[in-house]
Number of protein chains: 2
Amino acid sequence: MSEGKTNPRYRQILATSRRLFWKHGLRRVTVEEICREAGVSKMTFYKFFPNKIELAKTVYTIEVDRGIEKFREIMSNNDTPALEKMEQMMLLKSEGTMNISREFLNDFYSNPELGLSGWVEKKSRQAWQEMIGDFQNAQSKGWFRADFKPEGFLYMVKKISEMVTDENLLRLYGTPQEAIMELSRFFTFGIMPRSGKLAGEKSRDIT
Amino acid sequence: MSEGKTNPRYRQILATSRRLFWKHGLRRVTVEEICREAGVSKMTFYKFFPNKIELAKTVYTIEVDRGIEKFREIMSNNDTPALEKMEQMMLLKSEGTMNISREFLNDFYSNPELGLSGWVEKKSRQAWQEMIGDFQNAQSKGWFRADFKPEGFLYMVKKISEMVTDENLLRLYGTPQEAIMELSRFFTFGIMPRSGKLAGEKSRDIT
DNA sequence: ATAAATTATACGTTATTTGTTTTATATTAC
DNA sequence: GTAATATAAAACAAATAACGTATAATTTAT
């Protein structure tokens, strides 16, 4: 039995539906369309997923988990100085790894009868909590100012990530990478510990 | 009776449906959705358009006409030297004024029963012919090399316009504007009359 | 105040989507 | 090779959604 998450058809369905959901949201995409695009029969689809909603939940969960994972990797690396951490996090956002498509979320929220809005809220809260924990952890090691509220930090990351994809700003800096670096510098020196190390300096000597 | 094209509701329906069609294509967008988004009742919709297909045709026609109009403006302006003409045409494309969304066209072509593919072909041919006429007109005035085939010219414009939106090229030049200017320079000096004027020089002294 | 235009609602009719089932066709393990 | 398993393809009933029309209520313009 190849019910496993490694089954190529299972993965194909996930990849295809993610692509379609991301572009058109939930309601505009049909199961048959997913099957057709994924090159998989309907039987196979219903072997893996009871219906479209559950598939969407799986897609969403995977995406959130991957985001948290990436965030954690960045946060917990002792050898990365604060400035680079900021840069990496913004790159993460701008690359869309952590971005849940608006179209997708809209359908999650605007169909109360599916009971998805509550489900999403719960998932988001969990992810939020995990990331706050990671940040506090980094704080306790002195990598960030101790009196900075974790919630405020995450909010700022989110806002600045939005700025990074702003076309006007982009035009100012030429490439997204440059804009990200500039913003990261700006942001980092407002959040580093008072005794803060300089950009580029390694911080492994804290212990 | 306000059946006229200037009726604000009529215009609202067109604007809304264009936005939705551009993003999701024809089949994924419903009449009720358009009405809802446009803030217009279904009755009003059906007063102006017999059905979604006819609406789509109208949207498409308006878009093509606007493209031709812009093209003509650029082409026929005596005070614009060839180099600037090229730049303006590429900006026109890159701004999307003339770009018909891929999603939209897909649905036009992939539903033979609607009889839209033939209709689109016809419209495109007409637009193509008009633009060729405009180009020949400009040729006869000596603004472009006389032995350049108009069809080839339009093809080149299209191809180069695609290049202008290529991310890799963009990264090379920073801003789309810069890339456009560079490509325009490159392209123009290959198409100007043998006795060609220099870039920036006005060409009104031909007659 | 009146007429015209528009919305809101309900409705029957199609068309589409869903999820199941059946049959045929590959794949895989032995 | 054969049996067991997995998948595809197609047909299907049931549910859902979209279409287009009709009517009454409401708004807007004059």
Side-chain angles (χ1 to χ4, degrees), chain A residues 1-17 19-21 23-59 103-104 106-116, chain B residues 1-17 19-21 23-59 103-104 106-116:
Chain A
M1 189 177 300
S2 48
E3 285 270 0
K5 316 295 187 197
T6 58
N7 183 302
R9 279 168 241 264
Y10 179 86
R11 301 169 68 81
Q12 187 57 42
I13 292 171
L14 282 181
T16 304
S17 59
R19 177 170 57 79
L20 290 171
F21 286 158
K23 192 157 192 181
H24 299 294
L26 206 46
R27 119 190 85 99
R28 301 177 136 96
V29 177
T30 71
V31 171
E32 300 204 36
E33 184 181 16
I34 294 169
C35 293
R36 190 174 353 105
E37 296 275 312
V40 144
S41 77
K42 262 210 282 189
M43 272 217 73
T44 308
F45 177 93
Y46 283 109
K47 200 183 84 178
F48 289 123
F49 304 96
N51 52 50
K52 196 166 69 177
I53 304 296
E54 290 308 313
L55 166 64
K57 284 184 180 176
T58 306
V59 169
E103 293 288 333
F104 189 47
N106 276 348
D107 283 355
F108 264 66
Y109 276 113
S110 61
N111 289 52
E113 73 280 9
L114 301 178
L116 280 176
Chain B
M1 190 177 303
S2 47
E3 285 269 0
K5 316 296 187 198
T6 58
N7 183 302
R9 279 166 238 267
Y10 179 86
R11 300 170 68 83
Q12 187 57 41
I13 292 171
L14 283 179
T16 303
S17 59
R19 176 170 58 79
L20 290 171
F21 286 159
K23 191 156 194 182
H24 299 293
L26 204 46
R27 126 191 77 100
R28 286 181 221 262
V29 177
T30 71
V31 172
E32 302 201 9
E33 184 181 16
I34 294 169
C35 292
R36 186 169 4 99
E37 295 275 311
V40 146
S41 77
K42 259 210 285 191
M43 277 225 71
T44 307
F45 177 94
Y46 283 109
K47 198 182 85 180
F48 290 123
F49 304 97
N51 53 50
K52 195 166 69 176
I53 304 298
E54 290 308 312
L55 166 65
K57 284 184 180 176
T58 306
V59 168
E103 293 286 334
F104 189 49
N106 276 350
D107 283 353
F108 265 67
Y109 277 113
S110 60
N111 290 50
E113 72 279 9
L114 302 179
L116 280 175

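- Side-chain contact between B/I34 and B/F21 is present, with at least one heavy-atom pair separated by less than 4.5 Å.
- Comparing the helix axis at one end of the helix from C/dA1-D/dT30 to C/dC30-D/dG1 with that at the other, each defined from 5 consecutive pairs, gives an inter-axis angle of 50° (nearest 10°).
- For the pair B/Q12 CD and C/dT7 P, the computed distance is 11 Å after rounding to whole Å.
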Summarise how protein sits on nucleotides 17-30 of chain C as a single string, 5' to 3': B when a protein heavy atom is under 4.0 Å from the base, S for sugar-phosphate-only contact, - for no contact.
SBBBBB--------
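- Residues meeting the salt bridge (charged side-chain N to carboxylate O under 4.0 Å, His left out) test with B/E33, sequence neighbours left out: A/R27, A/R28.
- Residues passing the side-chain hydrogen bond (donor to acceptor under 3.5 Å, both in side chains) test with B/T58, sequence neighbours excluded: none.
- Summarising the geometry of B/S17 relative to B/L14, their closest heavy-atom pair is OG-O, 3.1 Å, with the distance given to 0.1 Å.
- Considering only side-chain N and O atoms, B/T44 lies nowhere under 4.0 angstrom from the phosphate OP1 or OP2 of C/dA5.
- In this structure B/K42 satisfies the side-chain hydrogen bond (donor to acceptor under 3.5 Å, both in side chains) test together with B/E32, sequence neighbours excluded.
- A heavy-atom distance below 4.5 Å is not found between the side chains of A/E103 and A/H24.
- In this structure, the CD1 atom of B/I34 is 12 Å from the C1' atom of D/dC19, given to the nearest Å.
- One atom, CZ of B/R36, and another, C1' of C/dT9, lie 16 Å apart when rounded to the nearest Å.
- Taking the side chain as every heavy atom from C-beta outward, A/N51 and A/L55 never approach each other to under 4.5 Å.
- For B/F45, the ring pair (Phe, Tyr, Trp, His ring centres under 6.0 Å) test picks out B/F49, with sequence neighbours left out.
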